[in-house]
Q: 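Dumping the structure here so I can ask a few things about it.
As the structure is a computational prediction, the values presented were derived from the model and not from experiment. A note on names: the letters A, B, ... follow the listed sequences, proteins ahead of strands, and every chain is numbered from 1.
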Amino acid sequence: AQKVTQAQTEISVVEKEDVTLDCVYETRDTTYYLFWYKQPPSGELVFLIRRNSFDEQNEISGRYSWNFQKSTSSFNFTITASQVVDSAVYFCALKETHSSGNTPLVFGKGTRLSVIA
Amino acid sequence: GAGVSQTPSNKVTEKGKYVELRCDPISGHTALYWYRQSLGQGPEFLIYFQGTGAADDSGLPNDRFFAVRPEGSVSTLKIQRTERGDSAVYLCASSLKSSGSTYNEQFFGPGTRLTVL
């Protein structure tokens, strides 16, 4: 069975602090994708990153970085020097890749991040 | 180009009524997904269409929920005899058709917020 766990329900930080959002996943597939989405108060889901299970290289994009560790089934997301605009709910998601190709995303419950000025 | 659109953006109905929620996918996208996001939760898969047919409807909670995509483009999610527990944001996503394990990104619409009084 596939599952995504985001143990942190809410996190509150002061602006300019670094913050890490945790994500642990379960899957029996050897090939899968992992994602992070941002959902600001307006409600739309904003795609942040996709990572293939064969690529464990960490990635940095501006203030965002992602740490993928297959050994611990984790895909953590770090925001450096947080800003008020980073306040949102962040979702980690998993997509298995069966032979049929299209499979739905399985989301975690999300972590609500509040960045205080 | 235009993204995924959903109408209405908000729908308020009374318990027991019938509702229809519409999704217009990105032109050319043959795969279409419906998700439901309850308050404080991540999106949960409902049903997936490949073309006109429902390839996977395992996420539909019960037989009050039904979805169609008669011409392989626009999809309508139909809920009969609505209950207060159906209140949620209903999200639609579309993607190009996948073959094998090739990934095609899902693009999300803004959602329809359904409130059942």
Side-chain angles (χ1 to χ4, degrees), chain A residues 1-10 21-25 27 29-55 75 88-113, chain B residues 3-6 8-10 25-26 29-51 53-60 67 69 88-115:
Chain A
Q2 48 185 325
K3 185 180 178 182
V4 175
T5 302
Q6 295 180 253
Q8 304 149 307
T9 305
E10 294 191 37
L21 310 181
D22 297 334
C23 173
V24 174
Y25 62 93
T27 177
D29 270 16
T30 56
T31 305
Y32 51 89
Y33 292 91
L34 295 164
F35 304 79
W36 276 94
Y37 284 85
K38 175 181 180 180
Q39 190 173 46
S42 55
E44 79 272 20
L45 277 171
V46 178
F47 167 80
L48 296 179
I49 188 171
R50 177 182 75 247
R51 171 64 71 213
N52 183 305
S53 57
F54 291 117
D55 182 3
F75 186 45
V89 180
Y90 290 85
F91 292 98
C92 181
L94 165 73
K95 177 181 170 68
E96 295 179 336
T97 55
H98 306 314
S99 59
S100 62
N102 282 96
T103 51
L105 293 166
V106 174
F107 288 85
K109 292 189 175 183
T111 297
R112 180 177 298 278
L113 174 65
Chain B
V4 178
S5 63
Q6 293 186 246
S9 55
N10 279 284
I26 293 172
H29 281 191
T30 58
L32 185 146
Y33 303 80
W34 283 99
Y35 295 83
R36 178 170 71 173
Q37 186 176 15
S38 301
L39 191 63
Q41 303 292 316
E44 294 178 318
F45 168 72
L46 295 176
I47 186 170
Y48 150 55
F49 286 90
Q50 183 61 266
D56 183 354
D57 64 357
S58 61
L60 295 177
R69 196 184 183 200
V89 175
Y90 289 80
L91 295 165
C92 177
S94 71
S95 72
L96 291 168
K97 179 182 179 180
S98 286
S99 59
S101 61
T102 301
Y103 173 77
N104 284 303
E105 183 176 349
Q106 292 182 26
F107 294 84
F108 283 85
T112 293
R113 182 176 297 278
L114 175 66
T115 303

Q: Below 4.5 Å, heavy-atom pairs only: which of K109(A), R112(A), E44(A), Q39(A) has the largest tally toward chain B?
A: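 Highest number of pairs under 4.5 Å: K109(A).
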Q: Given that the side chain runs from C-beta out, which part of F107(B) has a heavy atom under 4.5 Å from chain A: side chain, backbone, both or neither?
A: neither
Q: To the nearest 0.5 Å, tell me how far Y25(A) OH sits from T5(A) OG1.
A: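 So the gap between those two atoms works out to 12.5 Å.
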Q: State, without any angle test, whether D56(B) and S58(B) hold a side-chain donor-acceptor pair at a distance under 3.5 Å.
A: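 Note: D56(B) and S58(B) side chains meet the donor-acceptor criterion.
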Q: May I ask you to check whether E105(B) and S95(B) show a side-chain donor-acceptor distance below 3.5 Å?
A: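 There is no such pair between these side chains.
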Q: Contact part of E44(B) toward chain A, heavy-atom cut-off under 4.5 Å: side chain, backbone, both or neither?
A: neither
Q: Could you tell me which portion of Q6(A) (side chain, backbone, both or neither) has an atom closer than 4.5 angstrom to a non-hydrogen atom of chain B?
A: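 Neither the backbone nor the side chain of Q6(A) comes within 4.5 Å of chain B.
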Q: Atom CZ in R36(B), atom CD1 in I47(B): separation rounded to 0.5 Å?
A: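 Interatomic distance, R36(B) CZ to I47(B) CD1, rounded to 0.5 Å: 13.0 Å.
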